[in-house]
Amino acid sequence: MTEKKNKNIFDKIWDIFASVKTAVVIFALISLTSIVGTIIEQQADPEKNIKVLTKMFGLDHEAGHSVLRVLDKLGFTDMYHSWWFLAFLLLFGANLIICSIDRLPRVWKLVQEKIRPVPVDYIEKMSVKSSVTLKGRPAGAKEKIVSAMSSIGFKPAESAEGETVQLYAEHGNYTRLGVYIVHLSVLLILAGAVIGVFFGYNAFLNLPEGETSSVAYRDRGTEIPLGFELRCDNFEVEYYPNTEMPKAYKSWLTVLKNGQEVMKKSIVVNDPLKFEGVTFYQSSFGMHPDGLSRGVLILKAAASGGQAQQLNLRIGDTFTIPGTAVQGQVKDFSPALSFDESGKAFTFAEQMVNPAVFVEFSEKGAHKFSGWIFKRFPNTSLLADGNRVEFLDLWGVQYTGMQVRKDPGVGIVYLGCIIMAIGLYMTFFMSHRRVWVSLIEEKSGLKIVIGASANRNRTTLERKIEKLVALLQSEHKGGK
């Protein structure tokens, strides 16, 4: 009581932060606010979050807008950069540090304390105990007992008092530090997360084919300088056969530094490009708003049995099939061509789902034939006169959509996760085990009294003691 009255303000604050209750309260606040932060998309277009709120809580648009305005003022639309969320993290970190400093010296003292011999009556009161009687004298049985203890993972020391010899050993005394290793890992993860929030970013970039950008964009349009330039050389989508379902999409990218190409890489989903700590993930695609005005039609023409030649054309351009007098003129293009019941062609989508070009062919000024040539259906490239004209691509009309992330704290977070795995393994799957074996010479033979203790995983220790007894009994029978 006197000690409590004499505590100053520093001691009282220390006690608050050293309390497990404080840790539970702070962790609950972080968890609850994180749930809200997960529901509300961070730094997003307000309309996106209004849709989420109206759908989740059955609100009309006006009510959803009002709720979002309140959440925005409270900082929930960008909560991982808010002062109060950072304060929660700092308080949680301070709580972990003070808890560890408050308790670690006592635990460290226990860790350094070595096992000592104990009286036989103390062994007989242990919760894990056993005994066995052997023939012979202590000096003859000791070597067999040491061997048996070593086989279950203990290297015993020895003490002798009067007629009693005792072997004792311990294992895993440093496992008591497992919980503090977990504390350290949590602090590292928090530090990595804070570094990532304040020195990293999560942005996006829609980069058209053939264009170069030195910036990415946050959801609200804020430009984020990359520190280098990124160029999209090409973009392609592969579809499942006879469907409009995308199977895979791929971007060919080039990184430029000071005007020089320093890296080339093609990216697909789950195979990003990484350069100077910035990662570009393939996430979406679409058509450039300027459409055909900037695109280049890439065709490949060849006479029957002749050498093919690649052609870069625009709508209205004419070309000659190499080695022939046959001329073609590109008259039309559709990104998604289909035909109605009457056979009339129409475009059913704005994406490059089923691109095709319409080409008119003539020879010496006389019309020969015309028709659509599809990119996805190579059989349409074979012309009626045996020549071939393939439609390879319309380059320059699509953009590749990429998520752009920079997180300088991610390495610290990974290190924290590894250390946490080690700490959790030590805490839950390892234990401090101690074993005492007393050899007592009696008239009927040699009595072996075994006692053991563990701070956790008692069942495992009991199995080891059973194995030790079985080994001693088998040695005894073998000795007969």
Any donor-acceptor N/O pair, [X] side chain to [Y] backbone, under 3.5 Å:
X    : Y    : value
R103 : A18  : yes
K375 : D393 : no
N258 : Q260 : no
E229 : S214 : no
K129 : E124 : yes
S82  : M79  : yes
N8   : D11  : yes
W84  : L74  : yes
D78  : Q42  : no
N49  : E41  : yes

Using 30° and 60° as the class boundaries, would you call the ring planes of [X] and [Y] parallel, tilted or perpendicular?
X    : Y    : answer
F85  : Y80  : perpendicular
F198 : H81  : perpendicular
Y122 : W436 : perpendicular
F333 : F391 : perpendicular

* To do: Enumerate the residue pairs fulfilling side-chain hydrogen bond (donor to acceptor under 3.5 Å, both in side chains) with a member in residues 15-40, sequence neighbours excluded, ordered by first and then second residue.
  =>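 Passing the test, one end in residues 15-40: K7-D15.
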* Going by the side-chain hydrogen bond (donor to acceptor under 3.5 Å, both in side chains) test, which pairs reach into residues 91-102, not counting sequence neighbours? ->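 Residue pairs with at least one partner in residues 91-102: W14-D102, S100-H183.
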[atom1] of [X] to [atom2] of [Y]: how many Å apart, nearest 0.5 Å?
X    : Y    : atom1 : atom2 : value
L91  : I26  : CG    : CD1   : 5.0 Å
M263 : F228 : CE    : CZ    : 9.5 Å
L89  : I189 : CG    : CD1   : 12.0 Å
I450 : I465 : CD1   : CD1   : 6.0 Å
I152 : R463 : CD1   : CZ    : 12.5 Å

With heavy-atom distances below 4.5 Å as the criterion, would you say the side chains of [X] and [Y] are in contact?
X    : Y    : result
H432 : E170 : yes
E236 : W252 : yes
I440 : V120 : yes
V182 : L424 : yes
F199 : P408 : yes
L297 : N312 : no
L177 : W108 : yes
M426 : R176 : no

* Apply salt bridge (Lys or Arg N to Asp or Glu O under 4.0 Å) to R218 and E223, showing your working. => CA-CA 7 Å; R218 290 191 191 276; E223 290 188 355; over 6 Å; no
* Decide whether a cation-pi geometry holds between R405 and Y201; the criteria are a distance under 6.0 Å from NZ or CZ to the six-membered ring centre and an angle within 45° of the ring axis. =>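 No - R405 does not lie over the ring of Y201 by the 6.0 Å and 45° rule.
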* Modelled atom types, side-chain donor and acceptor of H65 and E47, under 3.5 Å ->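 The answer is no; no qualifying pair exists.
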* Asked: Can Q166 and S438 be counted as having a side-chain donor-acceptor contact under 3.5 angstrom?
  ->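 Note: Q166 and S438 side chains meet the donor-acceptor criterion.
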* Asked: Between I40 and V52, is a side chain to side chain contact (heavy atoms under 4.5 Å, CB included) present by the stated rule, with each step listed?
  -> CA-CA 8 Å; I40 302 298; V52 171; 5.5 Å; no
Kindly give the heavy-atom pair with the smallest separation between [X] and [Y], and that separation in Å.
X    : Y    : result
A336 : V353 : CB-CB, 4.1 Å
E209 : V397 : OE1-N, 3.3 Å
F154 : H171 : CE2-CB, 3.7 Å
L68  : P46  : CD2-O, 3.5 Å
L226 : S213 : CD1-O, 4.1 Å
C232 : T400 : SG-CG2, 3.8 Å

* **Verdict with supporting geometry, K406 and E276, salt bridge (Lys or Arg N to Asp or Glu O under 4.0 Å)** => CA-CA 9 Å; K406 183 175 183 179; E276 293 188 349; over 6 Å; no
* Quick one: do Q282 and S251 satisfy side-chain hydrogen bond (donor to acceptor under 3.5 Å, both in side chains)? Show the steps, please. => CA-CA 8 Å; Q282 182 74 73; S251 302; 2.5 Å; yes
* Decide side chain to side chain contact (heavy atoms under 4.5 Å, CB included) for V435 and K464; before the verdict, give the C-alpha distance in whole Å, the side-chain angles of both, and the deciding distance to 0.1 Å. => CA-CA 10 Å; V435 177; K464 284 184 175 289; over 6 Å; no
* To do: Could you tell me which residues satisfy salt bridge (charged side-chain N to carboxylate O under 4.0 Å, His left out) with D233, sequence neighbours excluded, listed by chain and number?
  =>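 D233 satisfies salt bridge (charged side-chain N to carboxylate O under 4.0 Å, His left out) with R231, K264 only.
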* With sequence neighbours left out, write down each residue that passes salt bridge (charged side-chain N to carboxylate O under 4.0 Å, His left out) with D271, or none if nothing qualifies. =>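 Listed in chain order: K265.
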Whether [Y] and [X] form a salt bridge (side-chain N of Lys/Arg under 4.0 Å from carboxylate O of Asp/Glu) is what I want to check.
X    : Y    : value
K447 : E441 : no
E113 : K109 : no
R376 : E238 : no

* Asked: Are there more than 12 heavy atoms of other residues, nucleotides or ligands under 6.0 Å from atom OH of Y425?
  ->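 Incorrect, the count does not exceed 12.
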* Does N270 CG have over 12 foreign heavy atoms under 6.0 Å away? ->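 Count not over threshold, so no.
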* **By side chain to side chain contact (heavy atoms under 4.5 Å, CB included) - contacts of Y399 (at least two apart)** =>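 Partners of Y399 under the side chain to side chain contact (heavy atoms under 4.5 Å, CB included) test: N206, P208.
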* Asked: Sequence neighbours excluded, which residues qualify as side chain to side chain contact (heavy atoms under 4.5 Å, CB included) partners of R456?
  ->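 Side chain to side chain contact (heavy atoms under 4.5 Å, CB included) list for R456, sorted by chain: T175, S431.
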* **Residues L256, L230; criterion side chain to side chain contact (heavy atoms under 4.5 Å, CB included); working and verdict** => CA-CA 6 Å; L256 300 103; L230 186 72; over 6 Å; no
* To do: Would you sort out whether I97 and L187 count as a side chain to side chain contact (heavy atoms under 4.5 Å, CB included), showing the intermediate values?
  => CA-CA 8 Å; I97 293 171; L187 290 172; 3.6 Å; yes
